[in-house]
Amino acid sequence: MRIAMIGTGYVGLVSGTCFAEFGINVTGIDKDENKINTLLNGEIPIFEPGLDVLVERQTAAGRLKFTTDLAEGIKGAQAIFIAVGTPSRREDGHADLSYVYQAAREIAPLLEDYTVIVTKSTVPVGTAREVERIIREVNPNADFDVASNPEFLREGAAIEDFMRPDRVVIGTDSERAQEVMRRIYRPLYINETPIVMVAPETSELIKYASNAFLATKITFINEIANLCEQTGANVQQVAKAMGLDGRIGGKFLHAGPGYGGSCFPKDTLALAQIGQKHGTPQTIVEQVIEANSNRQADMAQRVINAFGGDVKGKTIGILGIAFKPNTDDVRDAPSLVVVPLLQEAGANIKAYDPEAREQAEKHLKNVDWKTNAYDVAEGADALVILTEWNEFRALGLNDLKEKMNQPLLLDFRNIYTEAEIKARGFNYISIGRPEIKLEDCSAQLKKAG
Ligand code: UGA
């Protein structure tokens, strides 16, 4: 079997490579010559754990190829996946579909035998039908069907998510297309992964509804965390006990600095737009968007408040810039809001992220970049954990404390326990849990003898 993947960005590269792992011949096509040259040279343009090994294995096996030539890339493909970007339009937050439609227009005249055109990018309801209309308009004789097949993988865990998904969603009215899609997903099919066959509109909405619901869950627990801070409750315990209710589930209930990344911010905005367009406002999602944006800014304010409202001349060390661990992606990361706000308030910023510096440097200026957490701590008046990279979970707190001007830790990912922090004598501010002040620590230490 042969398929083509148009777009070698995050989704295109990961899913193309994983399809090759399924034993399918895959050609990744991209207009960006640099990206294709990088891939042809055996390098990976993004950071995703395990992806380099799979790309190397599949290119060596001859199952995974890359090209900038669309005609060559789609020749003989039984299915052509469109996995190009759908960024938010700056003016209105609506998903920009120009790359998707452009791809459809360019594929149309090149189609030969029966082909399934698959929209893999996250696209608004009605896009698959529009792709079909465009192809038919450009090439009325083409023998093809269109299917929507949204992707649910998470950055940093993309390969595992692709290989062991909770479900595969396929949206098409055509039985012939369903058959081709079943063959493509055969290895998952025989593993009894639920394959949900629906109409294209339903499939497109499943993707937005899923992402918006997860973003809502996070925003909900973030607001509960605020309430915990005012009432003395502990948000981690609240979330854990809530999650034990099978109807709620424990995942995506970690309170933090607000969601970021290339998907939730863009997809919630797009869903709100779709709702407005159809006269059915998605008011909960609209509220989630606003609450999340306020939350990211509020994180900077919390740091400023920890200094009694004035951070002028203070040195703040930031640990973690990526929007989540195991990625170098900084799109819509809380750090991109927090760092500039602290700088505006007069703070000097030192920072370290295991992978994201190169991406971050495109957005953040005047940051003193370091190559580890201990150099960030040197002379710092506070350390702020913004991303829960594993290497931040077991920091030598005594060493950090010695290097810092004063022992102040703002843990916006709740990766330390109160007990650990108390034992080390830090001023500690976390999310939705009691604040720890040094006086409490010395009392605690005295009590402990
Ligand atoms: C998300 C979805 O989880 C995927 O299912 C989907 O395929 C993907 O978007 C997409 O549409 O392409 P991703 O953005 O890679 O995946 O990352 P997540 O793990 O979902 O995290 C998103 C944001 O939420 C991060 O900023 C993360 O720190 C935050 N988050 C997540 C929390 O603050 N609390 C949580 O409990 C979980």
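First listed ligand is number 1; within each ligand, the first listed atom is number 1. Start at 1 with the first residue, then count along the sequence. Note: hydrogens, waters and symmetry copies are ignored here, and every other heavy atom, side chains too, is used.
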Exercise. Below 6.0 angstrom between ring centroids: does that apply to Tyr416 and Phe426?
Worked result: no

For this session: Mark yes or no for whether Asn41, through its side chain, and Glu43, through its backbone, hold a donor-acceptor pair below 3.5 Å.
Result: no

For this session: Spell out, as yes or no, whether a donor-acceptor pair under 3.5 Å connects the side chain of Thr172 to the backbone of Ala147.
Result: no

Exercise. Is the distance between the ring centroids of Phe213 and Tyr208 less than 6.0 Å?
Worked result: no

Exercise. Which protein residues have a heavy atom closer than 4.0 Å to any atom of ligand 1, listed by chain and number?
Worked result: Glu151, Phe152, Leu153, Arg154, Glu155, Lys207, Asn211, Ile218, Phe252, Leu253, His254, Tyr259, Gly260, Cys263, Phe264, Asp267, Phe323, Lys324, Arg413

Exercise. Is the closest side-chain donor-acceptor distance between Tyr352 and Glu391 under 3.5 Å?
Worked result: yes

Exercise. Can we say Glu361 and Arg357 salt-bridge, meaning some charged N sits less than 4.0 Å from an Asp/Glu carboxylate O?
Worked result: yes

